[in-house]
Amino acid sequence: VQLQASGGGLVQAGDSLRLSCAASGRTFSGYILGWFRQAPGKEREFVSAITWNSGITYYADAVKGRFTISRDNAKNTVYLQMNSLKAEDTAIYSCAASPPSSARSFSYRHSRSNEYDYWGQGTQVTVPA
């Protein structure tokens, strides 16, 4: 499995960015595709996730109402539309894939980084204060 994140950059507060995560190497039926971020000196945190089959979405409280996750199954790509960016959104954003599990639900797994077996390289998002 390969996950290729792109779309980061340097933007001003209030601007928008769209991150993309191109997934390859297998079919992703039953997977959760998620975005996590890590700011300098801080631990990695959950941002958003989407279930591959049904498109159920999850968001961290810090981004709810500003970020939108979506997927294009035909292109095997997950997007993170980020609007109204703030300085505190500055971080390296990574996409990840969580395999299907019969024992643990989407609700349980989606925000736990240890439930994600596959990780892409990060893309830097910088929003100066």
Side-chain angles (χ1 to χ4, degrees):
V1 173
Q2 290 188 328
L3 302 170
Q4 181 74 35
S6 61
L10 171 64
V11 297
Q12 298 305 308
D15 285 351
S16 298
L17 275 176
R18 188 177 80 157
L19 304 184
S20 299
C21 176
S24 62
R26 62 161 300 125
T27 58
F28 291 92
S29 178
Y31 273 66
I32 301 172
L33 276 289
W35 288 96
F36 289 77
R37 67 186 182 186
Q38 186 165 20
K42 295 187 177 181
E43 293 188 355
R44 182 167 55 195
E45 64 175 359
F46 167 75
V47 176
S48 184
I50 188 167
T51 62
W52 192 255
N53 291 16
S54 55
I56 299 170
T57 58
Y58 302 92
Y59 298 95
D61 288 343
V63 307
K64 204 169 291 183
R66 299 188 298 122
F67 291 12
T68 302
I69 192 169
S70 61
R71 87 260 191 250
D72 184 330
N73 292 41
K75 295 183 178 180
N76 266 18
T77 300
V78 175
Y79 304 99
L80 185 68
Q81 177 67 43
M82 306 187 296
N83 297 331
S84 303
L85 283 161
K86 306 175 181 179
E88 49 263 45
D89 295 318
T90 294
I92 297 173
Y93 286 70
S94 300
C95 59
S98 175
S101 172
S102 61
R104 298 180 297 282
S105 68
F106 291 141
S107 295
Y108 176 87
R109 292 160 49 209
H110 72 274
S111 63
R112 291 172 164 81
S113 60
N114 61 354
E115 293 287 340
Y116 289 77
D117 289 357
Y118 306 102
W119 292 83
Q121 94 296 348
T123 185
Q124 177 72 48
V125 173
T126 302
V127 188

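Note that the structure is a prediction, hence the values are computed from the model and not measured. We're numbering straight along the sequence, starting at 1.
Within the 4.5 Å cutoff, side-chain heavy atoms of Leu19 are placed close to those of Val125. In this structure the side chain of Asp15 never reaches within 4.5 angstrom of the side chain of Leu17, judged on heavy atoms. With contacts defined as side-chain heavy-atom distances shorter than 4.5 Å, the pair Asp89/Arg66 qualifies. Counting heavy atoms from C-beta outward, Ser48 and Leu80 have side chains that approach closer than 4.5 Å. Put simply, the side chain of Asn73 does not reach to within 4.5 Å of the side chain of Phe28, judged on heavy atoms. Proximity of Tyr58 to Ile69: side-chain heavy atoms (C-beta onward) are nowhere separated by under 4.5 Å. Within the 4.5 Å cutoff, side-chain heavy atoms of Ser16 are placed close to those of Gln81.
Atom CZ of Arg18 sits about 9.0 Å away from atom OG of Ser6, to the nearest 0.5 Å. Once rounded to the nearest 0.5 Å, the distance linking OH of Tyr31 with CZ of Arg26 reads 3.5 Å. To the nearest 0.5 Å, atoms OH (Tyr108) and OG (Ser101) are separated by 9.5 Å. Atom CD1 of Ile92 is separated from atom CZ of Arg37 by 13.0 Å, given to the nearest 0.5 angstrom. Separation of atoms CG (Asp72) and OH (Tyr79) is listed at 5.0 Å; rounding is to 0.5 Å. Between the CG atom of Leu10 and the CD atom of Gln124 there is a distance of 9.5 Å, given to the nearest 0.5 Å.
Within a 6.0 Å radius of CD in Gln121, other residues, nucleotides and ligands contribute more than 12 heavy atoms.
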Dump the intermediate steps for side-chain contact (heavy atoms from CB on, under 4.5 Å) on Phe67 and Trp35, then the final yes or no. CA-CA 11 Å; Phe67 291 12; Trp35 288 96; over 6 Å; no
Run Leu3 and Leu33 through side-chain contact (heavy atoms from CB on, under 4.5 Å) and show every step you take. CA-CA 10 Å; Leu3 302 170; Leu33 276 289; 4.2 Å; yes
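By the 4.0 Å N-to-carboxylate-O rule, Lys64 lies close enough to Asp61 to be salt-bridged with it.
Scored by the ring-ring contact (aromatic ring centres under 6.0 Å, His included) test, Phe36 finds Phe46, Tyr116, Trp119 as partners (sequence neighbours excluded).
In this structure, Ile50 is a member of the same hydrophobic cluster as Val1, with clusters built from ILVMFWY side-chain heavy atoms closer than 4.5 Å.
Looking at Arg109, Glu115, Arg104, Arg112 one by one, the single match for side-chain hydrogen bond (donor to acceptor under 3.5 Å, both in side chains) with Ser98 turns out to be Arg109. Only one option out of Val127, Thr90, Thr126 pairs with Val11 in a side-chain contact (heavy atoms from CB on, under 4.5 Å); it is Val127.
The shortest non-hydrogen separation linking Thr123 to Gly8 is OG1-N, 3.0 Å. Ala87 and Ala129 make their closest contact through CB-CA, 3.8 Å (heavy atoms, listed as atom of the first residue, atom of the second, distance). The two residues Gly122 and Ser94 make their nearest non-hydrogen contact at CA-OG, 3.6 Å.
A donor-acceptor pair is defined here as one N or O able to donate and one able to accept, closer than 3.5 Å; such a pair exists between the side chain of Asn53 and the backbone of Gly30.
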